[in-house]
2 protein chains.
Amino acid sequence: MGGTTSASSWAEHAGDRLAAAGYRRGGARRTVIELLSEQECALSAHEIEDALRSSGRQVGRASIYRILEKLAELDLVTKLDLGTGIARYEIADPAGRDHHHHLLCDDCGDLVPFSDPELERVIGRVSGRLPYPVRGHEVTLHGSCDSCSHA
Amino acid sequence: MGGTTSASSWAEHAGDRLAAAGYRRGGARRTVIELLSEQECALSAHEIEDALRSSGRQVGRASIYRILEKLAELDLVTKLDLGTGIARYEIADPAGRDHHHHLLCDDCGDLVPFSDPELERVIGRVSGRLPYPVRGHEVTLHGSCDSCSHA
DNA sequence: ATCAGTGCAAAACATTTGCAGCATG
DNA sequence: CATGCTGCAAATGTTTTGCACTGAT
């Protein structure tokens with residue numbers, strides 16, 4: 001699956017998109033975008049804050065939320081609420097290359113990404129039958145990971 | 001789709017299940033179960049509180065949360081967090097008769113239920129390929145309802 | 001130099017928990 | 001009549017907002 005190449009191009013794309021929409025891209029905003037572009041799967045606001053602090057690029061909590069909100073508004077990131085009460089965010093790939101869904105361990109919160117072309121096809125077909133246009137979708141599978149089910 | 005019949009049988013089933021698990025079914029608990037059994041789609045804790053107050057059967061907020069938690073624990077209701085930061089709850093049909101998913105209007109929170117047998121089939125197939133057993137799933141489609149998109 | 005962006009602290013929000021009294025089985 | 005259930009109020013944890021200051025363009 002697309003690694004560093006598509007990730008860093010996402011960071012560029014995000015910066016360009018912000019500039020095109022009349023926003024600035026410096027400071028904390030660039031920092032958060034860079035962190036997100038390095039991730040393979042969704043992160044919570046708190047995890048983002050901790051990761052940035054660890055890497056020496058501390059950003060205020062409120063700024064993180066504001067930045068994520070703006071990125072979600074521009075469809076550059078996807079906000080996920082998988083039933084844990086904590087929102088997670090991950091980069092949205094406009095070309096759909098890295099489009100995927102999640103298997104969540106209900107006990108420990110562990111997240112496993114997966115993708116399936118037929119699933120996408122069926123969702124597309126179903127979407128066409130609904131009363132108003134569908135802009136996006138999420139599929140969340142629930143289970144207990146090996147560590148938790150062996151406990 | 002199963003209307004009053006399966007709904008009222010769910011209320012009975014829920015009561016029996018509680019009793020079998022050693023819990024009592026009177027008072028607030030019965031009230032919440034009755035309200036849930038009358039719904040066609042998911043309700044938030046706040047909506048449940050308001051609905052009960054309107055119908056003259058007021059139940060404390062904490063009790064509502066505790067009851068919903070217990071019902072979810074017994075797999076009698078499903079807890080949904082569709083990305084709004086507010087959890088919603090709906091009855092879980094053990095036979096799968098009323099199994100459905102949701103189209104959510106991201107602007108006003110309007111919820112439209114839908115179901116599709118092929119979607120279920122594909123999800124079942126995908127589930128078999130994942131690293132640990134899948135106990136359940138949710139599909140959420142996002143869009144803007146007619147009222148919101150015309151605004 | 002200007003105005004958006006940022007950080008801090010306090011507010012708002014849904015949800016959870018502690019405890020005293022009440023009602024179910 | 002004993003134990004679990006309920007309601008209230010306070011606590012918790014996440015997310016949002018107000019305001020003064022900083023920094024990108």
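Below, chain A is the first sequence line, B the second, and so on; all start at residue 1. Note: hydrogens, waters and symmetry copies are ignored here, and every other heavy atom, side chains too, is used. All of these numbers come straight from a predicted model, not from anything done at the bench.
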All N/O donor-acceptor pairs, side-chain side in residues 64-72 of chain B, below 3.5 Å, sequence neighbours left out:
none

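- When the C1' atom of C:dC13 is taken as reference, atom CZ of A:Arg61 falls 16 Å away, rounded to whole Å.
- Here B:Ala87 lies in heavy-atom contact (under 4.0 Å) with sugar-phosphate atoms only.
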Show every donor-acceptor pair shorter than 3.5 Å between a side-chain atom in residues 123-143 of chain A and any protein atom, with sequence neighbours excluded, or say none if there are none.
residue, atom, partner, partner atom, Å
A:Arg125, NH2, B:Glu118, OE1, 2.3
A:Ser127, OG, A:Ile123, O, 2.7
A:Arg129, NH1, B:Asp116, OD2, 3.3
A:Arg129, NH2, B:Asp116, OD2, 2.8
A:Tyr132, OH, B:Cys105, N, 3.4
A:Arg135, NH2, B:Ser144, OG, 2.3
A:His137, NE2, A:His99, NE2, 3.1
A:His137, NE2, A:His101, NE2, 3.3
A:His137, NE2, A:Glu120, OE1, 2.9
A:Glu138, OE2, B:His142, NE2, 2.7
A:His142, ND1, A:Asp106, OD1, 2.7
A:His142, ND1, A:Asp106, OD2, 3.4
A:His142, NE2, B:Glu138, OE2, 2.7

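- Using a 4.0 Å cut-off on heavy atoms, none of the residues of residues 45-56 of chain A approach DNA chain C.
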Side-chain donor-acceptor pairs under 3.5 Å in residues 15-25 of chain B, sequence neighbours left out?
residue, atom, partner, partner atom, Å
B:Arg17, NH2, B:Leu74, O, 3.3

Exercise. Can you give one letter per nucleotide of nucleotides 17-25 of chain D, going 5' to 3': B for a protein heavy atom under 4.0 Å from the base, S for sugar-phosphate only, - for none?
Worked result: BB----BBS
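- A:Arg29 comes within contact range of the sugar-phosphate backbone alone, with a heavy-atom separation under 4.0 Å but no base atom that close.
- Put simply, the residue from B:Gln39, B:Lys79, B:His100 that forms a side-chain hydrogen bond (donor to acceptor under 3.5 Å, both in side chains) with B:Glu90 is B:His100.
- Residues that satisfy the side-chain hydrogen bond (donor to acceptor under 3.5 Å, both in side chains) test with B:Asp75, not counting sequence neighbours, are absent from this structure.
- For the residue pair A:Arg88/A:Ser44, the side-chain donor-acceptor check at 3.5 Å is not satisfied.
- In this structure, the side chains of A:Ile33 and A:Trp10 come closer than 4.5 Å at one or more pairs of heavy atoms.
- The side-chain heavy atoms of B:Ile48 and B:Val59, taken from C-beta on, include no pair separated by under 4.5 Å.
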